[in-house]
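No experiment lies behind these values; they were computed from the predicted model shown. Every heavy atom of this structure was used, including side-chain atoms; hydrogens, water molecules and symmetry mates were not. Ligands are counted one by one from 1 in listed order, and the atoms in each one are counted from 1 as well.
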Amino acid sequence: MSDELLHIPEEEYQELIRPYADAMNNVRMRLEVLNKDYRKRNNNYPIHFIQTRIKKRASLEKKLLKKDLPVTVEAAADNIRDIAGIRVICYFEEDVYAVAERLKQQQDLIFIRERDYIQNPKESGYTSYHVIYGVPVYHVDGMEYFPVEIQIRTMSMDFWASMEHRICYKNEESKKEELQKSLVRFSQELKDMERSMHEHLNGKTEEE
Ligand code: 0O2
């Protein structure tokens, strides 16, 4: 990323992201508790792993520019809702919805927005379930809500998204097309394996 994009001073950026990191860690903890509790009750974990990230300064500035907004911390706080991001990788599609449903029941979270790209895949082929919650963060002088974007998807959906991201950075156009075709094929195979595993684990056979 080129340095000419960097308009927000480092100290201002650090000050901006601090409460977002607190909100993100709070949601991460909730998800870990849910996963353990689920295990106790149903004898399995719905979540395979959780990744967290705070949007980098350069990436934040790029997003502000793309949205034609001033490149300031104020504009970021008012308009960018994925400064704090959590990616939850589940085993199966039904786990994605089970986790999403359990989060909905946590009444101290404020629901902001939901996008179901599993039911309505993006034109690119991207599938995932996205939800944004306002998360309460308590400081010495009071409480404030900070948005956290949670992306919930299965391993095969994550494989597609991560590989497609890598392919986008390739320079040779001809190679890109070939890679994209392979990606569609491999991720379909993975999706089929995921479905078969789910059926086997639930005691069903292919003939049923
Ligand atoms: P990064 O690096 O993941 O942060 P918004 O502007 O965010 O309010 P948008 O962009 O319509 O609105 O939000 P959406 O589609 O709900 O979520 C955007 C995020 O989803 C992206 O974040 C990616 O993480 C992921 N995503 C969406 N479409 C694709 C896709 O086609 N391929 C891949 N690999 N990921 C996708 P950012 O901010 O673009 O990037």
Side-chain angles (χ1 to χ4, degrees), residues 1-2 5-8 13 16-17 20-21 23-25 27-28 31 47-90 93 96-97 99-100 103-104 109-135 145-171 173 175-188 190-191 194:
M1 191 72 53
S2 101
L5 262 177
L6 296 172
H7 297 300
I8 298 175
Y13 168 75
L16 170 77
I17 62 171
Y20 287 89
M24 183 182 75
N25 291 331
V27 177
R28 187 194 178 108
L31 289 162
I47 299 174
H48 178 44
F49 66 95
I50 301 171
Q51 291 174 323
T52 53
R53 72 106 182 84
I54 291 290
K55 214 170 190 64
K56 295 253 166 43
R57 185 161 51 132
S59 161
L60 187 63
E61 297 192 346
K62 201 171 154 197
K63 193 152 189 172
L64 286 166
L65 288 170
K66 202 172 121 198
K67 288 177 175 268
D68 269 332
L69 290 164
V71 186
T72 62
V73 285
E74 291 77 19
D78 290 345
N79 299 283
I80 308 297
R81 286 177 294 189
D82 69 340
I83 294 175
I86 301 194
R87 196 165 283 159
V88 183
I89 312 302
C90 292
E93 203 174 294
V96 171
Y97 291 109
V99 171
L103 276 180
K104 261 187 200 156
L109 296 178
I110 294 184
F111 175 84
I112 298 179
R113 187 183 87 186
E114 167 185 55
R115 283 193 177 156
D116 188 344
Y117 299 122
I118 299 176
Q119 294 308 314
N120 305 293
K122 283 198 156 188
E123 224 170 273
S124 60
Y126 178 77
T127 54
S128 186
Y129 170 87
H130 293 188
V131 65
I132 303 175
Y133 281 107
V135 181
Y145 287 94
F146 289 87
V148 175
E149 187 195 62
I150 308 155
Q151 300 182 345
I152 317 177
R153 51 173 85 143
T154 66
M155 289 184 267
S156 69
M157 295 174 197
D158 190 53
F159 172 82
W160 185 94
S162 308
M163 290 303 174
E164 193 253 4
H165 197 252
R166 283 290 293 267
I167 294 170
C168 283
Y169 283 100
K170 276 251 165 225
N171 290 324
E173 281 305 315
K175 192 101 177 110
K176 258 191 193 175
E177 226 171 89
E178 190 191 314
L179 284 165
Q180 258 147 3
K181 277 193 196 136
S182 309
L183 177 59
V184 170
R185 189 157 50 86
F186 294 143
S187 47
Q188 186 55 49
L190 259 183
K191 209 170 164 188
E194 220 168 67

So the atoms of ligand 1 within less than 4.0 Å of a heavy atom of Arg115 turn out to be 9 (P), 11 (O), 12 (O), 13 (O), 16 (O)
Closest to atom 2 (O) of ligand 1 among protein heavy atoms sits Lys55 NZ, 4.5 Å
Could you check whether any side-chain heavy atom of Leu31 comes within less than 4.5 Å of a side-chain heavy atom of Leu103, counting everything from C-beta outward? yes
* Asked: Within the structure, does Trp160 bring an N/O atom to less than 3.5 angstrom of an N/O atom in ligand 1?
  -> no
protein heavy-atom neighbour closest to atom 7 (O) of ligand 1 works out as Lys63 NZ, 2.7 Å
Taking only non-hydrogen atoms of Lys67 and a 4.0 Å limit, the atoms of ligand 1 in range are 6 (O), 8 (O)
Is the closest N or O pair between His165 and ligand 1 shorter than 3.5 Å? no
Note: ligand 1 atoms sitting under 4.0 Å from heavy atoms of Tyr117 are 14 (P), 15 (O), 16 (O)
Applying side chain to side chain contact (heavy atoms under 4.5 Å, CB included) to Ala21 and not counting sequence neighbours gives Ile54
**Asked** Are any of the N or O atoms of Gln151 closer than 3.5 Å to those of ligand 1?
**Response** yes
Hey, mind stepping through Ile17 and Leu60 against side-chain contact (heavy atoms from CB on, under 4.5 Å) and telling me if it holds? CA-CA 11 Å; Ile17 62 171; Leu60 187 63; 5.7 Å; no
The atoms of ligand 1 lying under 4.0 Å from a heavy atom of Asp82, numbered in the order shown, are 4 (O), 38 (O)
So Met155 and Leu190, do their side chains get closer than 4.5 Å, heavy atoms only?
no
Closest to atom 32 (N) of ligand 1 among protein heavy atoms sits Glu164 OE1, 2.8 Å
Ligand 1 to Ser124, heavy atom cutoff 4.0 Å, flagged ligand atoms 30 (C), 31 (O)
Taken in chain and number order and not counting sequence neighbours, the residues that satisfy side chain to side chain contact (heavy atoms under 4.5 Å, CB included) with Lys66 are none
Exercise. Kindly indicate whether atom 26 (N) of ligand 1 is approached by any protein heavy atom to under 4.0 angstrom.
Key: yes
Looking only at protein heavy atoms, what sits closest to atom 35 (N) of ligand 1 is Tyr126 CE1, 3.4 Å
Next item on the list: Give a yes-or-no answer on whether the side chains of Gln151 and Arg153 include a donor-acceptor pair shorter than 3.5 Å.
Entry: yes
the protein heavy atom lying closest to atom 3 (O) of ligand 1 turns out to be Arg87 NH2, 3.8 Å
Original post:
NZ of Lys175: more than 12 outside heavy atoms within 6.0 angstrom?
Top reply: no
Heavy-atom proximity to atom 8 (O) of ligand 1 ranks first, among Glu114, Lys122, Arg113, for Arg113
* Contact bool for atom 39 (O) of ligand 1 (protein heavy atom, d < 4.0 Å) -> no
The test is side-chain contact (heavy atoms from CB on, under 4.5 Å); show your working for Val148 and Tyr20 and say whether it passes.
CA-CA 7 Å; Val148 175; Tyr20 287 89; over 6 Å; no
Within 4.0 Å of some non-hydrogen atom of Arg53, the atoms of ligand 1 are 4 (O)
From the list Asp116, Ile86, Val96, side-chain contact (heavy atoms from CB on, under 4.5 Å) partner of Ile152 resolves to Val96
Short version for Arg81: what comes under 4.0 Å of ligand 1, heavy atoms counted, is neither
| task | Report yes if some heavy atom in the side chain of Leu64 is under 4.5 Å from a heavy atom in the side chain of His7; otherwise report no. | result | no
Residue, atom and distance of the protein heavy atom nearest atom 18 (C) of ligand 1 read His130 CE1, 4.2 Å
Exercise for the section: Using only heavy-atom distances, determine whether the side chains of Glu114 and Tyr129 contain a donor-acceptor pair under 3.5 Å. Expected result: yes
- Item | Step-by-step side-chain contact (heavy atoms from CB on, under 4.5 Å) determination, Arg87 to Arg53 | CA-CA 9 Å; Arg87 196 165 283 159; Arg53 72 106 182 84; over 6 Å; no
Handout entry: Glu123 touching ligand 1 at heavy-atom level, < 4.0 angstrom
Key = no
